[in-house]
Amino acid sequence: MCGIVGYIGEQQAAPILLDGLSKLEYRGYDSAGIAIFNNNQIEIAKAKGRLSVLAEKTDNGNAIKGTMGIGHTRWATHGEPSDVNSHPHISMSGRFAVVHNGIIENYASLKKKLTERGFEFISETDTEVIAHLFEYYYKGDIMDAMIRVINRVEGSYALGVLCSDYPDQFIAVRKASPLIVGLGEKENFIASDVTAILKHTRDIYYLDDNEMVVLKKDGVKVYNKDKEEITKEKFTVDWDVSAAEKGGYEHFMMKEIEEQPKAIRDTISPRIKDGKIVLDDISLTAEDIKNINKIYIVACGSAYHVGVVGKYVIEKMCRIPVEVQVASEFRYCNPIINKNNLVIVISQSGETADTLEALKEAKKRGARILSIVNVVGSSIANASDDVIYTWAGPEIAVATTKAYSTQLVVIYLIAAYMAEKLGMLTSSEYTDFISEIEALPDKVAKILESKEELQYLASKFFNCHSIFFIGRNLDYAVSLEGSLKLKEISYIHSEAYAAGELKHGTISLIEDGTLVVALATGKELFDKTVSNMEEVKARHAVVMGVTTENREISEKAVDYIIEIPEAHEILLPSLSVVPLQLFSYYVASLKGCDIDKPRNLAKSVTVE
Ligand code: G6P
């Protein structure tokens, strides 16, 4: 969703802002804008549409002089995408310019009050209220105005604010929306995430809620709401700059699919020592684990699908009941939680608003929170009791691949770790399971060698109107992800069904030539899924089966077979998901879709 970049230094600000915003394009947006302090006043340029429109309008930023500015990519919430609704928004006198990520929930009442006091609104946004509020509260000290503004607004915000009375500084603040500070040499930055400024600096402050920051060319100061200066810990980001670049690939999604063997290896290797799973990152003791009587897994989107795999895996290996819920439901369902419950929260970005709020709800009710997060220092990581980071590196494509895969392996590590502590595994079962986990990166790499096969299958089906995915147990969990991947990037209608449930309604949708992707990797339920494949084939569906090598599926049940390497049954989702990612990618590519930035979607969903 919305992306923010701010710069102060000795270089021309506008081209730096545009470049930074281009690194945030993946978050999803529909318009963009910049505000630059130039000739003692604030100059604004904004445009509906892709960043390239704004770049063209400003000669890649070169047309606007000035060495301090703020920039924004907007994902519309209040008011349609348009030039006027784009950020930055300015106060009536033009003294303040504001960029905002988040939602001001009480904007309507504030707008009414400000209107009564003579303020005129030109946009439909909630953000314009903030620009006017600054003007309203400003009595010559910008920090005092900021404190009054944040005490008055309700909701979530990351704000960057320019004031024409302050030619050598700008200010920023955040609450429940991401914002980091980048510390350079004679230049400093704010950004929604590190990818936007990685080119310039790796030294970062992660801001906590309601911490206010004053950025000058030569330094950065952070204050609490009482205007007291606070000391922040400096973090150094070790991501390679190239990690956030396409590196010769046509799309980030394909690059990230190909990075999966490495991402999985990077995530598991530091946690397997001398044949044992070592989770130094978490403080759960064996005693704590024995006391857990229920686990909730809470997440959104693909991370939720990892949770569905997690339910099967943890229940099977640990015999602890697991309930998996999408965060937007969990947070409002008055969940029954006690101190013997563990809540596992999964999130790539660590900033998904619903997931963060669900976490807070669970914590308030006494649960212990263990999160699986990809972004270090993110809000979800900060709010958790324990964090296990996935070392996937920056994921730019909206449709997740390597983050999903690394989240999965963390689930396996957690399940085996707990099962061992609970005495549910013999030592040879434990050792075998660990070596099977360690073998996953090579097996994923092997699947990636047969990309052409998936490209061929995509060429046969990219014109389909509807595609169904079926499977049982873990295969069903992976079907959910396969179906989501396909629909989000190719816009083909798609649904995932538990294979046994198909005949309770959905089978009526099967027509001559309907494609059914059937996952039959699990040994125990293999025959049953094959029967379901026969059922749809008997109704003239075309069946694409996904199974492990050395398995036979008769022609009566399947038209095309995709084989994956053999592995421990529980670990098969790590393999079966890969051909589904590739299939979706090639279908979307053949349809000419904007693969990395699918319509209407955002990578980091920071509003409810
Ligand atoms: C968006 C993304 C999905 C992601 C979901 C949850 O919908 O497009 O790929 O799974 O958000 O995001 P998170 O960052 O919490 O994993």
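The analysis underlying the following values was restricted to heavy atoms, covering all of them including side chains, and did not include hydrogens, waters or symmetry mates. Counting starts at 1 for both ligands and their atoms, in listed order.
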Review point. Considering Gln407, Gln348, Lys485, which one's heavy-atom position lies nearest to atom 16 (O) of ligand 1?
Key: Gln348
Point to revise | Atoms of ligand 1, numbered as shown, that sit under 4.0 Å from any heavy atom of Ala303 | key: 10 (O), 16 (O)
Study note, to complete from the structure: Quick note, salt bridge (charged side-chain N to carboxylate O under 4.0 Å, His left out) partners involving residues 483-497, not counting sequence neighbours, are Glu481-Lys485, Lys485-Glu488
Exercise for review: Mark up the atoms of ligand 1 that fall under 4.0 Å of a heavy atom belonging to Thr400, in ascending order.
Suggested key: 9 (O)
Point to revise | Check: Thr506/Tyr497 side-chain N/O donor and acceptor closer than 3.5 Å | key: yes
Point to revise | Atoms of ligand 1, numbered as shown, that sit under 4.0 Å from any heavy atom of Ser347 | key: 13 (P), 14 (O), 15 (O), 16 (O)
Review point. Quick check: are there more than 12 heavy atoms from other residues, nucleotides or ligands sitting under 6.0 Å from NZ of Lys262?
Key: no
Check your understanding: For atom 9 (O) of ligand 1, what's the nearest protein heavy atom and its distance?
Key -> Val398 O, 3.3 Å
Check your understanding: Less than 4.0 Å between a side-chain N and a carboxylate O, is that true for Lys402 and Asp266?
Key -> no
Check your understanding: Does Ala399 reach ligand 1 with a nitrogen or oxygen that is under 3.5 Å from one of the ligand's nitrogen or oxygen atoms?
Key -> no
Review point. In the protein, which heavy atom is nearest to atom 6 (C) of ligand 1, and how far is it?
Key: Cys300 O, 3.4 Å
Point to revise | Candidate list Val577, Ile564, Ile562, test side-chain contact (heavy atoms from CB on, under 4.5 Å), partner Ile447, passing option | key: Ile564
Point to revise | Pick from Ser302, Ser378, Ala299, Gly350: the one approaching atom 4 (C) of ligand 1 most closely through a non-hydrogen atom | key: Ser302
**Study point:** Protein contact of atom 1 (C) of ligand 1 - nearest heavy atom, named by residue and atom, plus distance
**Key:** Ala602 O, 3.6 Å
Check your understanding: Would you say Thr406 and Trp391 make side-chain contact, with heavy atoms under 4.5 Å?
Key -> no
Practice item. Verify the neighbour count for atom CD of Glu124: are there more than 12 heavy atoms of other residues, nucleotides or ligands below 6.0 Å? Key: yes
Exercise for review: Compute the shortest N/O to N/O distance between Thr352 and ligand 1 and return yes if it is under 3.5 Å, no if not.
Suggested key: yes
